[in-house]
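First the structure, in the form of structure tokens, and then the observations on it.
Chain letters run A, B, ... following the sequence lines, proteins first, then strands; residues in each count from 1.
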Number of protein chains: 2
Amino acid sequence: MSRWKPDAQGRLMSAAIELFDEQGYEATTVAEIAERAGLTKRTFFRYFSDKREVLFSGSHELQRVWLEGVAAAPTDATPLAVVAAGLDPVAEMFTERHDFARIRAGIIDANPELQERELIKLQNLAGAIKAALVERGVSPNAAILAAQAGVTVFHVAFAHWVEQDDPTAFRRLMDESLEELRSVTAA
Amino acid sequence: MSRWKPDAQGRLMSAAIELFDEQGYEATTVAEIAERAGLTKRTFFRYFSDKREVLFSGSHELQRVWLEGVAAAPTDATPLAVVAAGLDPVAEMFTERHDFARIRAGIIDANPELQERELIKLQNLAGAIKAALVERGVSPNAAILAAQAGVTVFHVAFAHWVEQDDPTAFRRLMDESLEELRSVTAA
DNA sequence: ATCTTGATGACACCAGGTGACATACCCACC
DNA sequence: GGTGGGTATGTCACCTGGTGTCATCAAGAT
């Protein structure tokens, strides 16, 4: 029997989501989160760099999955097609987490600080995708624009997805956004 | 003779830029900024909602100018052309502020918190442009994607502009980004 | 049995941010 | 020319996010 209960990080994340959902993000202190998880404030900050981060540790997995999709794209695909190749595994990853995503989205939606964090995570994601494109020989300019476009498509589709009831609709919604972007940018 | 020196807000902004440039953003306290401006910490927070905001109060003007350009676009222009109509006045507005923009960009570049604020300002800008497009009869989906695309083009071009020496190059750089986006999203 | 390692707690501290109240000038009005 | 209200600022107390530092205690290695 180990000295501490297992999965401290997971307990902190769960406690945080619960409290944010119950009382709101701002009204919840880090000390409260830690207490509910049976830990102290100091330990919270050992697992998360700041209070917001407890809602965003999953972004690493999103990036991993997307980049795997990108890596699997055919060599001769256009830059945007390479980026879009990440959308399949991403949609799959999210489909089972519709309920969680909705709660989390509701919390983020109500708090500008959290929206800021979300945007910089998406920006980092775009940067990583850009790097992968450059690695494949795409020019830096085309790479950043294709990556940003893909991330925007994801972001717009995500917002629609959490607002409706069908967990399996994500892939379709992303395709629709992508098509809309193509039509809008057609000279 | 009035009781207080004029332009408290401007003095705070100048003091902040100076100190951030001299010692870095994090190493500068709000109390220091206020002191250099001959005011108190409490007064700083009467003018700016938080420490970061002192670098971003100009974003309101960017939005105003861009939306004026959008409003002046021909009725039959495509959504992206309407958005792009804002780039002309925006380029003009920035051309005279190249030096200032560089210093400010350097500060923001060195601080993730400031990048977050920048991103949410751009997001708000995109939201305002989207609303203007919807007002003109564009569908919400096309509007958000066109607005986001335009803001991304601006952002990418801005980054290039501050990294080179010709203050008048902004308009050309935005056109190049726009062209690159068109070419990248062409099916 | 002792040592080392790693996760946690305890505590003090700083800086960002806010609420409440005091102060002193300006101006309008009588 | 006093008087009263409005407004910008100062003062002070306070909370919370975030960090540095040291102590503690169990698990496993030697």
Side-chain angles (χ1 to χ4, degrees), chain A residues 1-57 107-108 110-118 120-121, chain B residues 1-57 107-108 110-118 120-121:
Chain A
M1 170 91 185
S2 95
R3 181 179 181 192
W4 301 287
K5 284 191 282 185
D7 195 19
Q9 177 158 351
R11 274 152 52 214
L12 287 166
M13 286 170 48
S14 304
I17 282 266
E18 286 173 23
L19 287 164
F20 294 165
D21 197 31
E22 288 168 20
Q23 351 171 337
Y25 171 79
E26 284 194 20
T28 302
T29 69
V30 173
E32 277 179 296
I33 299 169
E35 190 186 5
R36 179 166 300 196
L39 295 165
T40 62
K41 174 184 146 191
R42 194 67 186 84
T43 298
F44 179 95
F45 288 110
R46 287 197 179 97
Y47 285 97
F48 304 101
S49 57
D50 61 43
K51 184 182 171 187
R52 287 175 267 173
E53 198 62 17
V54 71
L55 284 175
F56 292 93
S57 63
I107 296 167
I108 293 173
N111 292 90
E113 337 180 15
L114 295 173
Q115 291 160 36
E116 295 189 358
R117 180 55 51 86
E118 175 135 286
I120 208 169
K121 292 288 184 182
Chain B
M1 170 93 186
S2 91
R3 180 180 181 193
W4 302 288
K5 284 189 281 185
D7 195 20
Q9 179 158 350
R11 272 151 54 213
L12 287 166
M13 286 170 48
S14 304
I17 282 267
E18 286 173 25
L19 286 164
F20 294 164
D21 197 31
E22 289 168 21
Q23 354 171 335
Y25 171 79
E26 284 195 23
T28 302
T29 70
V30 172
E32 277 179 298
I33 299 169
E35 190 186 3
R36 179 167 298 197
L39 295 164
T40 62
K41 175 183 145 191
R42 194 67 185 83
T43 298
F44 179 96
F45 287 110
R46 287 198 179 97
Y47 284 98
F48 304 102
S49 57
D50 60 43
K51 183 183 172 187
R52 287 174 267 172
E53 198 60 19
V54 72
L55 283 175
F56 292 93
S57 63
I107 296 167
I108 293 174
N111 292 91
E113 334 180 16
L114 295 173
Q115 291 160 37
E116 295 190 358
R117 178 57 50 87
E118 173 135 288
I120 207 168
K121 292 290 184 183

Which residues share a side-chain contact (heavy atoms from CB on, under 4.5 Å) with Ser49(A), sequence neighbours left out:
Glu53(A)

Whole-Å gap separating P (dT18(C)) and CZ (Phe48(B))
14 Å

How close or far is atom P of dG17(D) from atom CD of Glu116(A), stated in whole angstroms?
16 Å

Hey, does Phe44(B) reach any base, or is it just sugar-phosphate, or nothing, if we go heavy atoms under 4.0 Å?
nothing

Winner on side-chain proximity to Leu39(A), out of dG10(D), dT8(C), dG16(C), is dT8(C)

Check the interface with nucleotides 21-25 of chain D: list each N/O to N/O pair with the protein under 3.5 Å, or write none.
{"unit_1": "dC25(D)", "atom_1": "O4'", "unit_2": "Arg3(A)", "atom_2": "NH1", "d": "3.3"}
{"unit_1": "dC25(D)", "atom_1": "O4'", "unit_2": "Arg3(A)", "atom_2": "NH2", "d": "2.9"}
{"unit_1": "dC25(D)", "atom_1": "O2", "unit_2": "Arg3(A)", "atom_2": "NH1", "d": "2.5"}

Rounded to whole Å, the CD-C1' distance (Glu32(B) to dC14(C)) equals 13 Å

Could you check how far CG of Leu55(A) sits from P of dG17(D), rounded to whole Å?
14 Å

Suppose we screen for side-chain contact (heavy atoms from CB on, under 4.5 Å). Which residues come up paired with Ala8(A), at least two apart in sequence or across chains?
Arg11(A), Leu39(A), Tyr47(A)

Does dT8(C) have its OP1 or OP2 closer than 4.0 Å to a side-chain nitrogen or oxygen of Tyr47(A)?
yes

For dG17(C), does the base pair up with any side-chain atom of Lys41(B) as donor and acceptor (N or O, under 3.5 Å, distance only)?
yes

Heavy atoms under 4.0 Å, any strand shown: does Ala8(A) hit a base, just sugar-phosphate, or nothing?
sugar-phosphate

Think Thr40(B) has a side-chain N or O under 4.0 angstrom from the OP1 or OP2 of dG10(D)?
yes

By side-chain contact (heavy atoms from CB on, under 4.5 Å), which residues pair with Ala16(B), not counting sequence neighbours?
Phe20(B), Ile33(B), Val54(B)

Glu53(B) CD to dG17(C) P: how many Å, rounded?
10 Å

Looking at Asp7(B) and Gly10(B), would you say the former's side chain and the latter's main chain have a donor-acceptor pair under 3.5 Å?
yes

In whole angstrom, give the distance that lies between atom CD of Glu26(A) and atom P of dG17(C).
12 Å

Could you work out, with salt bridge (Lys or Arg N to Asp or Glu O under 4.0 Å) as the rule, every residue matching Asp50(B), not counting sequence neighbours?
Arg117(B)

So, OP1 or OP2 of dG9(C): does either fall under 4.0 Å of a side-chain N or O from Thr43(A)?
yes

With Arg42(B) via side-chain contact (heavy atoms from CB on, under 4.5 Å) - residues at least two apart
Thr40(B), Phe45(B), Arg46(B)

Can you tell me which residue among Gln115(B), Arg52(B), Lys121(B) is in a side chain to side chain donor-acceptor pair (under 3.5 Å) with Glu116(A)?
Arg52(B)

Return whichever of Tyr25(A) or Arg11(B) has its heavy-atom-nearest nucleotide of DNA chain D closer to the 5' end.
Arg11(B)

Taking atom P of dA13(D) as reference, at what distance in whole Å does atom CZ of Phe45(B) sit?
19 Å

Output the rounded distance in Å from CZ (Arg52(A)) to P (dT16(D)).
18 Å

